[in-house]
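Data block below; observations after.
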Amino acid sequence: MLIEVEVCDVCQRVGVPVSRYTITEAESGRSGTTVRCGHDAESFEDVLRQPDESATTAAAEVPGPASEAAARPPRGRRARKVTTVDEIEAAKAAKA
Ligand SMILES: [Zn+2]
């Protein structure tokens with residue numbers, strides 16, 4: 001009997017919900033994936049929580065439930081996410 005368990009790449013704790021992140025470096029196009037628990041994905045999630053500028057502008061011009069939904073798309077714990085290195089670096093800069 002084989003039981004496969006997906007664990008966080010950093011802490012490797014079993015039984016902790018994890019998400020798989022795909023990271024792309026914009027300049028070279030290099031990409032890779034990493035599996036992280038909520039704690040070890042904080043820097044990624046910080047980036048993902050920031051609405052991009054176009055969404056913010058659209059929300060300001062067209063207030064209402066529809067624009068709010070567009071600015072904050074629902075995210076499942078296991079949903080695939082794409083985070084660029086630029087976004088990660090921006091998150092680090094914001095924290096510094
Ligand atoms: Zn972890």
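Position 1 is the first residue of the sequence, and the numbers go up from there. If you're wondering where the values come from, they're calculated on a predicted model, not measured in any experiment. In listed order, ligands and their atoms are each counted from 1.
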Residue among Thr83, Ile23, Thr22 satisfying side-chain contact (heavy atoms from CB on, under 4.5 Å) with Thr34: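 By the side-chain contact (heavy atoms from CB on, under 4.5 Å) criterion, Thr34 pairs with just one of Thr83, Ile23, Thr22: Ile23.
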Electrostatic pair Arg20:Glu6 at N-O distance under 4.0 angstrom: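 A salt bridge links Arg20 with Glu6.
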Under 4.5 Å side-chain linkage, directly or through intermediates, the cluster mates of Val16: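 Members alongside Val16: none; it stands by itself.
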Hydrophobic cluster of Val5, others only, ordered by chain and residue number, side-chain cut-off 4.5 Å: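 Grouped by the 4.5 Å side-chain rule, Met1, Ile3, Val7, Val14 form the rest of the cluster around Val5.
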Environment of the Zn ion (ligand 1) in terms of protein N/O/S atoms, cut-off under 2.8 Å: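 Hits for the Zn ion (ligand 1) below 2.8 Å: Cys8 SG, Cys11 SG, Cys37 SG, Asp40 OD2.
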Common cluster, Val85/Val47, ILVMFWY with side-chain heavy-atom separation under 4.5 Å: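 As far as the 4.5 Å side-chain criterion goes, Val47 and Val85 are not connected within one cluster.
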side-chain hydrogen bond (donor to acceptor under 3.5 Å, both in side chains) against Glu25, all qualifying residues, sequence neighbours excluded: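 With sequence neighbours excluded, Glu25 shows a side-chain hydrogen bond (donor to acceptor under 3.5 Å, both in side chains) to Ser28, given in chain and number order.
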